[in-house]
Every structure is written in C-alpha cells, then in structure tokens.
Amino acid sequence: MQFPAGFIQHISNCKGFDEVAFTQAHQLPTPVSIRYNPQKPVEKMAGSPVPWCAEALYLPERPLFVFDPLFHAGAYYVQEASSMFTGYLFRQFTDDKKPLHILDVCAAPGGKSTLIAGLMSPQSLLVSNEVIKSRVTILKENIVKWGNPNVVVSNNDPRDFSGMNGFFDVIIVDAPCSGSGLFRKEPEAKKEWSIENVNHCSLRQQRILEDIIPALKPGGLLLYATCSYAYEEDEKIVEILLQNDFEPLPKISVPAEFGGIVFSKSGYRFYPDKITGEGFFIAALRKKNGGDEQTNQIKKQFIPINADEKNIVANYLHQPENYFFFKYKEVIYCIPEIVKSSISALGGLHLIKSGTALGSIKNNELIPDHELAMSSIISKTIPRLELNATDAITYLRKNTLQINSNLKGWCLITHQNIPLGWAKIIPGRLNNYFPTEWRIRK
Ligand code: SAM
C-alpha cells in the first residue's frame, strides 16, 4: 500500500509506532467483525471472539450481510473491532447498575451508540446525536433496529447542548477526524489526508469539546476517540483537556490476549500490526469536581393519550404498566416511566426519535409501527409467523409472499424467532407492511 506523501514521517514519533510492522499490516486484508445484540439472541455465525467485547466475533470472511434477514432484524451490527474498546472502557469506569445520562455527540451511523445501549442499565438514558442532517436517517434506522426503549436520537450542533449544564454523567466524543486509522479498510480515505487536514480536524475537535464540556457533570466521564494516528488529534487534545477541566483516570490493566494496545497520555492506541483491528485512539478522562451545577432544562411537553387508546396499545407491550404513553401527530409513542423526567429535560433539542413509535389508531385498531416490531418492549403474545431465510428475504424485498397459515390479522414476521416487521393476514392474502424505504433493493 502506498501511503500519502509525508504521512509516515508525520506519525513516526507516535508512541508505539513501528514502520516496518505497520507497513506490512497494511498488505493484509481488513478483519471483518460483528457485534451481537444482547436483546435479540440468535444462532451465532462461525468466528473467533473479539477479546475486549464479549458479544463480538471476527468472521473468517465478509458475508453478503444484505441477504441475511438477521442483519435487517438488528440481531447484530457490523462494527470495526478496535472501536468496540469504547464499551470496555465504559464498563471499567461506570457502574452498570446506576441510572446514567449518556450523550454520544457524534453518533452516526450508530456503532458506539448501539454498543453503549447494550451495556447501560435499563434506568439510563442515551442521547444519540448527529449534527449532519443527511446522516441522521441511518443513525435513526440503526437505533430503531437495535430496539432499546431508552435511547433518544437528536440532530443538534454540539453547541446546542450548552444550555444543559452538568446534565450528562458520560459524554462520548467520537470525533470527525483525518481518518488515517482507516487507510486499510477504506483506501479512499488516503486521498483526503494532508497535514493541513490533520490540523483542521484538530481545531474542529477542540471546538466540539469546548462546546460540549459544560453539559458534562462535575466528576463525569469523557470518552474521547478518533480513528486517526495523528498526535494533533489524539494526545494533544488530551493534553489540552488535562490543562483545563479534566483529570486523568488510572491506566486499566489490559489482558495479554488483547494484543499490544499502547497506553499513551490517558489514551489507548490501536495499531493494525499489534491488534486485530484498524487504527483507533480512545482516552478516558474525569471532569474535575466543582464548577458547573446542573441548571434547569427546557421541559418537553407530552400530550397523554386517553384510556381507550391506552387499552388498545397496551395489548402490544410486555409490562405496559412500566410505560408512559403520549401522542404526536396522530402517532402514539411510549417511553419507560423510569426515564420520563430525563427525556422531559431534553425539550431544548431537535429530537428525531424520542420513545418508541407504537402506531396510530384507526377504527379502534392499532396500525402498528415498524419501530414497535423492532423494539425489545413488544409483547411475547403477539401472533408470529416464522419464515425460512428465502421467504424472509422475499418479505424484506417487499415482494408478494404465498403462505399457508391459519393466522388472521396483524402478526409479526420472524426469522429465528426475531421479528423482521409486520404483516396483516386476510383470507388468501398477506399484506406486507415492511417499510418501503428499508426494503432490500438488490
Ligand atoms: N460514533 C460513530 C459510530 O461509532 O458509528 C462514528 C462517528 S464519525 C467518526 C464522526 C461523526 O461526527 C460523523 O457522523 C460526522 O457527521 C460528525 N461530525 C462532523 N462534523 C461535526 C461537527 N462539527 N460537530 C459534531 N459532529 C460532527
């Protein structure tokens, strides 16, 4: 592989860098890894474990994910292995029993958010935010597929969180960067690399952090990550944080089977010649105590639903008594009661998804939403129609399905018992309600 001019020289002083081994590793194929959804247990593919992520596997080769129904069901997420270390650090420095307010500021397409959603307590709230509007669609899709009821998707600039002083216990900044860590996986990234771009990214990273730091509670945890090797985007940013509001956290002990993760200035460097994965940097820092106190947030108003509507939607949920129901533009949503006051505090944000869309009521019947089919909160008693892989793909293409079933009315289409979406069965016909915009087009 030919690196951009000046690149090797630029990173040659980085801690742990070994030019020969690094160059050789770039001749090897990129490892393929997936992370399973703990809420949607399925038969696992053949593969070997990712040492720092219990739910993840390296696959021997890259399958055509688009033709696997379980990919569409949110049973797993295709994620680069090094970046899964974010979950390992999150576990080390948070209490998984505690209710936490967590913000993933640069979240699209949703890799870190789905990872953290699977690790946080059910009483926690994750705000998964993306500033670029065109990238919010894929973020929302991945969050919907993952199915947690306590994840909110927002479309805000980091500075829009400035009114939320001290609200978050944990903030993840997976910053936009110059991308050198992805040269092997995405060779196109090399065209964008230059020292000017590294410096430009470094300044943007500093701005994002300045904007977001007030929203982190004193004593709160910051996870700062990039997929760049550049000192300017990694250790230099950590140094600036440590000179101001932050203090270092102790170095965690990394088991030998993890490979050679390099510890540098409160950060962990991943090189493709030392671990099985791509280039990555992540630092864990604690915000110093004192300073910002939590301020009053703009409260979000919810329009509650009436008792008749509640009776109809309750049939679709497992333990409906645990949820608060509200209506927005004729669609009924629910959020766990336990996070209601936390979500109410997000009234100043541009929320793209808050709560699970259950559907709209027409003629005393719920027309169920796809989000409900994907969600972990759905009742286990809803009629289900299990399809084999071939029929499941036909369903996901939104093509006509010939079925032989005694079921009538709304039912969940499943594969390996994991819901793929809704269908309505009327004598002699199955109406396919898989969302048109999500259908397999290939
Ligand atoms: N965390 C994501 C994941 O694990 O799937 C990847 C995030 S990617 C490295 C960085 C994200 O930051 C992109 O989605 C990009 O659109 C967003 N971004 C770009 N400019 C930004 C800015 N000025 N402020 C905040 N986010 C920005």
Side-chain angles (χ1 to χ4, degrees), residues 33-35 37 50 52-53 55-56 74 76-90 102-120 126-146 151 153-162 168 170-183 185-186 188-189 192-193 197-216 222-230 233-234 237 270 277-283 349-350 352:
S33 43
I34 59 171
R35 179 171 44 76
N37 187 339
V50 174
W52 46 85
C53 184
E55 298 78 25
Y76 60 86
Y77 188 95
V78 183
Q79 186 175 32
E80 193 287 301
S82 306
S83 65
M84 297 177 194
F85 194 70
T86 311
Y88 191 82
L89 282 185
F90 175 82
I102 304 163
L103 170 62
D104 184 3
V105 196
C106 311
K112 312 283 181 310
S113 282
T114 53
L115 174 66
I116 299 300
L119 298 174
M120 66 190 192
L126 169 63
V127 178
S128 180
N129 178 71
E130 169 59 43
V131 64
I132 297 180
K133 204 166 172 218
S134 58
R135 290 174 59 81
V136 179
T137 311
I138 184 67
L139 173 63
K140 181 181 171 193
E141 182 175 329
N142 284 326
I143 297 293
V144 165
K145 283 204 275 188
W146 211 246
V151 181
V153 177
S154 62
N155 172 212
N156 283 90
D157 189 281
R159 82 175 81 90
D160 298 340
F161 291 85
S162 61
F168 292 100
V170 180
I171 296 188
I172 302 159
V173 178
D174 186 18
C177 68
S178 62
S180 47
L182 298 182
F183 281 174
K185 184 165 171 252
E186 295 166 15
E188 289 295 294
E192 304 296 318
W193 191 89
N197 193 29
V198 166
N199 290 329
H200 167 78
C201 288
S202 176
L203 290 173
R204 181 168 56 186
Q205 288 147 0
Q206 291 168 50
R207 263 200 319 273
I208 293 173
L209 286 160
E210 267 170 37
D211 286 340
I212 213 69
I213 285 168
L216 184 61
L222 174 71
L223 293 175
Y224 171 76
T226 73
C227 51
S228 164
Y229 300 105
E233 300 181 69
D234 296 343
I237 301 287
F270 287 65
E278 303 307 314
F280 185 59
F281 174 87
I282 182 161
L349 298 179
H350 179 210
I352 303 297

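Just follow the structure's listing: the first ligand is 1, and inside any ligand the first atom is 1.
Taking atom 24 (N) of ligand 1 as the reference point, the nearest protein heavy-atom neighbour is Ile208 CD1, 3.4 Å. In terms of protein heavy-atom proximity, atom 11 (C) of ligand 1 is closest to Cys106 CB, 3.6 Å. At the top of the distance list for atom 23 (N) of ligand 1, counting protein heavy atoms only, stands Arg204 CD, 3.8 Å. Atom 3 (C) of ligand 1 has as its closest protein heavy atom Gly111 N, 3.4 Å. The protein atom (non-hydrogen) at minimum distance from atom 6 (C) of ligand 1 is Ala108 O, 3.1 Å. With hydrogens left out, the protein atom closest to atom 19 (C) of ligand 1 is Pro176 CG, 3.6 Å, a heavy atom. Here the heavy atom of the protein found nearest to atom 27 (C) of ligand 1 is Val131 CG1, 3.5 Å.
Proximity to Pro109 (heavy-atom distance under 4.0 Å) selects the following atoms of ligand 1: 5 (O). Residue contact check: Ile132 has heavy atoms under 4.0 Å from atoms 16 (O), 19 (C) of ligand 1.
Of all the heavy atoms of Pro158, the ones lying under 4.0 Å from any atom of ligand 1 belong exclusively to the side chain. With a 4.0 Å cut-off on non-hydrogen atoms, Arg135 touches ligand 1 through its side chain and not its backbone. Contact annotation for Glu130 and ligand 1: only side-chain heavy atoms (C-beta onward) come within less than 4.0 Å of the ligand.
A donor-acceptor pair shorter than 3.5 Å can be found between the side chains of Gln206 and Ser202.
Taking each of Val136, Ile212, Asp174 in turn, the one with a heavy atom nearest to atom 8 (S) of ligand 1 proves to be Asp174.
For Asp211, there are no salt bridge (Lys or Arg N to Asp or Glu O under 4.0 Å) partners at least two apart in sequence or on another chain.
Of all heavy-atom pairs between Lys140 and Val153, the closest is CA-CG2, 4.4 Å.
In this structure, the side chains of Phe161 and Ser154 come closer than 4.5 Å at one or more pairs of heavy atoms.
The pair Asp174-Lys112 meets the salt-bridge criterion, since a charged nitrogen lies less than 4.0 angstrom from a carboxylate oxygen.
Residue-to-ligand polar distances place Lys112 within reach of ligand 1: an N/O pair is separated by less than 3.5 Å.
Taking the six-membered ring for Trp and the full ring otherwise, Phe85 and Phe270 have centroids separated by under 6.0 Å.
Atoms OH and CD, on Tyr224 and Gln205 in that order, are 3.5 Å from each other to the nearest 0.5 Å.
Of the residues Ile102, Val105, Ile282, the one that meets the side-chain contact (heavy atoms from CB on, under 4.5 Å) test with Ile172 is Ile102.
Remark: side-chain polar atoms of Glu186 are not paired, donor with acceptor, to backbone N or O of Glu188 under 3.5 angstrom.
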